[in-house]
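FYI, side chains are in, hydrogens and waters are out, and symmetry mates aren't considered; it's all heavy atoms of this structure.
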Amino acid sequence: MGADFVEYIPAKHLLHRSRSAEWFGTDHTMNLYRGCCHGCIYCDSRSTCYQNPDFDQVKAKADALKLLRDDLARKVRPAFVSMGSMSDPYNPFEAELGLTRNALTLLDAYQCGVAVATKSDLICRDIDLYQLIQRHSPVICKITLTTLDDSLAARLEPGAPPPSRRLEAVRQLSRAGLFAGVLLMPVLPYVEDSWDNVRAVAEGAAEAGARFVYGAFGVTMREGQREYFLEQLDRAFPGQGLGERYRRRYGLRYQCTSPWARALWEAFSRRCGELGLLCSMGHIISAATVPYGDRQLSFFD
């Protein structure tokens, strides 16, 4: 996949204030790319409200590094930046373009912290930069894993690296001394919301050295994304009537929680405790930021 095929789109800024610091403690978001080619059938970023009808086509922000440098230079205090909220910063084009890697260099130069979410083991390429940033600011590496079953993941996330590679990425990040863990979300009702599946992810993460597993037992659906998801769900699991089952149970609801969410959470949190994994957001944020002493307070101003 060559970088020559990436379309560049205009942007005014790269850093945007977060609406809430409760999501891994970050105060800014940054998306160097628009769209994603992982093909995850459940992705909320397909929703009509985001006005990106060509979501499967990755586009890069024009002059992204200059814009980021200018945004960082205007900050009175170092930012704590979230990457991966709308598009994966480690899409296949990144291997050639290097926008994410160069952005990390800028974040380090401006003494910023970073929390990155990805489904790609390409993140391991940048271990050296995350180590540099972690010397002065919080770093949280979040790898999305909703199943360890490579064949099941291939139906749900056809363009993403398989779970086996992602779990190995967790292992490499952890061995490098980085604060790394797993996003166990979304856990699709009637597909992934079995205790065997949830327990396998938690135990696999612990074995790989993860510090945390953050779970959400359900999925979101809204206009645009809902229709696509249910159609693709029936294509991925023909003859099972999953689309109709979702329509009957959830209708037009946004938060579509697993019927077994409470029981799963109780068993999951108990097992995480046994494995030494953090699973509550407050504990994860505290563990990632407290080592930086008074400096952490500036991230929440």
Side-chain angles (χ1 to χ4, degrees), residues 35-47 50 52 55-58 84-92 117-123 142-170 181-205 208 210 213-250 253-261 264 268:
C36 184
C37 53
H38 287 336
C40 304
I41 68 173
Y42 51 73
C43 186
D44 182 72
S45 295
R46 294 181 183 278
S47 301
Y50 296 120
N52 188 13
F55 179 75
D56 291 300
Q57 180 183 355
V58 175
S85 59
M86 291 295 295
S87 61
D88 197 313
Y90 289 102
N91 63 73
T118 183
K119 288 189 176 82
S120 176
D121 53 345
L122 181 57
I123 187 176
K142 303 168 284 182
I143 307 296
T144 299
L145 273 172
T146 64
T147 180
L148 297 189
D149 185 334
D150 284 357
S151 61
L152 175 58
R155 299 189 192 188
L156 305 174
E157 306 156 347
S164 53
R165 282 172 49 187
R166 290 181 238 168
L167 196 61
E168 177 58 27
V170 175
V182 165
L183 294 180
L184 177 55
M185 57 191 298
V187 175
L188 302 185
Y190 311 122
V191 177
E192 299 174 303
D193 57 344
S194 69
W195 172 233
D196 284 347
N197 182 65
V198 170
R199 179 177 57 196
V201 173
E203 293 176 352
V213 177
Y214 186 73
F217 304 115
V219 67
T220 58
M221 295 195 297
R222 55 181 155 191
E223 184 181 355
Q225 177 258 356
R226 178 187 295 106
E227 294 77 11
Y228 180 88
F229 170 55
L230 296 181
E231 178 183 338
Q232 294 301 315
L233 196 62
D234 282 336
R235 286 187 180 181
F237 303 94
Q240 297 188 28
L242 286 174
E244 183 57 30
R245 199 172 182 183
Y246 269 70
R247 291 183 184 92
R248 286 199 308 267
R249 180 172 184 87
Y250 301 115
R253 219 180 300 174
Y254 172 60
Q255 295 282 356
C256 305
T257 305
S258 164
W260 305 283
L264 282 174
F268 167 72

Q: Using modelled atom types only, decide if a donor and an acceptor are shared between the side chain of Arg46 and the backbone of Gly224 within a distance under 3.5 Å.
A: no

Q.
Could you check whether any side-chain N or O of Gln225 sits under 3.5 Å from a backbone N or O of Arg222, counting only pairs where one atom can act as donor and the other as acceptor?
A. yes

Q) Looking only at atom types and distance, does a side-chain atom of Asp88 sit under 3.5 Å from a main-chain N or O of Lys119, one as donor and one as acceptor? A) yes

Q: Could you grab the distance from atom OG of Ser47 to atom CZ of Phe55, nearest 0.5 Å is fine?
A: 9.5 Å

(Q) Looking only at side-chain N and O atoms, does Tyr42 offer a donor or acceptor that is under 3.5 Å from a partner on Gln232? (A) no

**Q.** Which atom of Gly204 lies closest to which atom of Leu148, heavy atoms considered
**A.** CA-CD1, 4.2 Å

(Q) The criterion is ring-ring contact (aromatic ring centres under 6.0 Å, His included); which residues satisfy it with Tyr250, sequence neighbours excluded? (A) Tyr246

Q.
Once rounded to the nearest 0.5 Å, what's the spacing between atom OG1 of Thr146 and atom CG of Leu156?
A. 6.0 Å

Q: Inspect the surroundings of CD in Glu223 and state if more than 12 heavy atoms from other residues, nucleotides or ligands are less than 6.0 Å away.
A: no

Q: Salt-bridge test for Asp150 and Arg165: reply yes if a basic N is under 4.0 Å from a carboxylate O, no otherwise.
A: no

Q. Given the rule in the side-chain contact (heavy atoms from CB on, under 4.5 Å) test, do Ile41 and Arg235 qualify, once you have shown the distances and angles that lead to the verdict?
A. CA-CA 10 Å; Ile41 68 173; Arg235 286 187 180 181; over 6 Å; no

**Q.** Separation between OG1 of Thr118 and CD1 of Ile143, rounded to the nearest 0.5 Å
**A.** 6.0 Å

(Q) Run the side-chain contact (heavy atoms from CB on, under 4.5 Å) test on Glu192 and Leu152 for me, step by step, so that the C-alpha distance in whole Å, both residues' side-chain angles and the decisive distance to 0.1 Å come before the verdict. (A) CA-CA 9 Å; Glu192 299 174 303; Leu152 175 58; 4.2 Å; yes

Q) Out of Trp195, Tyr214, Phe217, which one pairs with Phe268 under the ring pair (Phe, Tyr, Trp, His ring centres under 6.0 Å) rule? A) Phe217

(Q) Let me confirm one number: the NZ-CG distance from Lys142 to Leu184, rounded to the nearest 0.5 Å. (A) 14.5 Å

Q: Provide the closest heavy-atom pair for Val182 versus Ala205 in the form atom of the first, atom of the second, distance.
A: CG2-CB, 3.8 Å

Q: Give a yes or no on whether the backbone of Ser258 and the side-chain of Asp193 come within a donor-acceptor separation of less than 3.5 Å.
A: no

**Q.** Separation of Arg226 CZ from Arg247 CZ (nearest 0.5 Å)
**A.** 10.0 Å

(Q) Using side-chain contact (heavy atoms from CB on, under 4.5 Å), reason through Asp121 and Tyr90 one step at a time and then give a plain yes or no. (A) CA-CA 8 Å; Asp121 53 345; Tyr90 289 102; over 6 Å; no

Q: Please test Phe229 against Thr220 for side-chain contact (heavy atoms from CB on, under 4.5 Å), starting from the C-alpha separation and ending with a verdict.
A: CA-CA 10 Å; Phe229 170 55; Thr220 58; over 6 Å; no

Q.
A side-chain contact here means heavy atoms from C-beta on lying under 4.5 Å apart; do Pro189 and Val219 qualify?
A. yes

Q.
Can you tell me how far apart NE2 (His38) and OG1 (Thr144) are? Round to the nearest 0.5 Å.
A. 9.0 Å

Q) Within a strict 4.5 Å, meaning less than it, do heavy atoms of the Val191 and Arg155 side chains meet? A) no

